[in-house]
Colleague: 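Structure in structure tokens, see below.
Being a predicted model, the structure only gives us computed values, none of them experimental.
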Amino acid sequence: MHCFDCAQEGRDTAGVGVCTSCGLFICGDHARITGTEVRRTIGVLPRSSPLAARRLVCVPCRAAETAH
């Protein structure tokens with residue numbers, strides 16, 4: 001699979017993963033790693049993990065998520 005953003009720029013770059021927001025395949029240059037909360041139910045109450053899980057997103061999706 002090849003990076004969608006690189007293909008839009010006329011380049012042919014191998015992708016490293018899929019954006020968890022839009023689902024497009026992206027390369028290391030267009031990938032951003034973010035943290036996401038992990039919640040699970042213990043007994044009857046939902047609990048949050050003290051550690052964040054990794055989440056891969058592309059540059060446009062990251063910009064949209066952090067825009068104010």
Colleague: How far apart are the closest heavy atoms of Phe25 and Val18, and which atoms are they?
Modeller: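 Heavy-atom minimum between the residues: CD1-CG2, 3.4 Å.
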Colleague: Please report the C-alpha distance between Ile26 and Asp5 in whole Å, then the side-chain angles of each, then the deciding distance to 0.1 Å, and finally whether the side-chain contact (heavy atoms from CB on, under 4.5 Å) criterion is met.
Modeller: CA-CA 7 Å; Ile26 50 179; Asp5 289 334; 4.3 Å; yes
Colleague: Considering residues at least two apart in sequence or located in another chain, which fulfil the side-chain contact (heavy atoms from CB on, under 4.5 Å) criterion with Ile33?
Modeller: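 Per chain and number, Ile33 pairs via side-chain contact (heavy atoms from CB on, under 4.5 Å) with Arg54, Leu56.
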Colleague: Supply the atom-to-atom distance Cys22 SG to Phe4 CZ, rounded to the nearest 0.5 angstrom.
Modeller: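 Taking SG in Cys22 and CZ in Phe4, the distance rounds to 8.5 Å.
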Colleague: What's the spacing between Ser48 OG and Arg40 CZ if we round to 0.5 Å?
Modeller: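 Between Ser48 OG and Arg40 CZ, I get 9.0 Å after rounding to 0.5 Å.
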Colleague: What closest approach, in Å, do Cys27 and Ala14 show between heavy atoms, and which atom pair accounts for it?
Modeller: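 So the minimum-distance heavy-atom pair works out to CB-O, 3.5 Å.
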Colleague: Closest heavy-atom contact between Arg39 and Pro46?
Modeller: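 Closest approach of Arg39 to Pro46, heavy atoms only: NH2-CB, 3.4 Å.
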Colleague: Hey, what do you get for CD (Gln8) to CG (Leu24), rounding to the nearest 0.5 Å?
Modeller: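 The CG atom of Leu24 is 9.0 Å from CD of Gln8, to the nearest 0.5 Å.
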Colleague: Provide the full list of side chain to side chain donor-acceptor pair (under 3.5 Å) pairs with a residue in residues 59-68, sequence neighbours left out, each pair given once.
Modeller: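 Every pair satisfying side chain to side chain donor-acceptor pair (under 3.5 Å) with a residue in residues 59-68: Arg55-Glu65.
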Colleague: Nearest 0.5 angstrom please: Arg11 CZ to Cys3 SG, how far?
Modeller: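 Here the interatomic distance stands at 7.5 Å.
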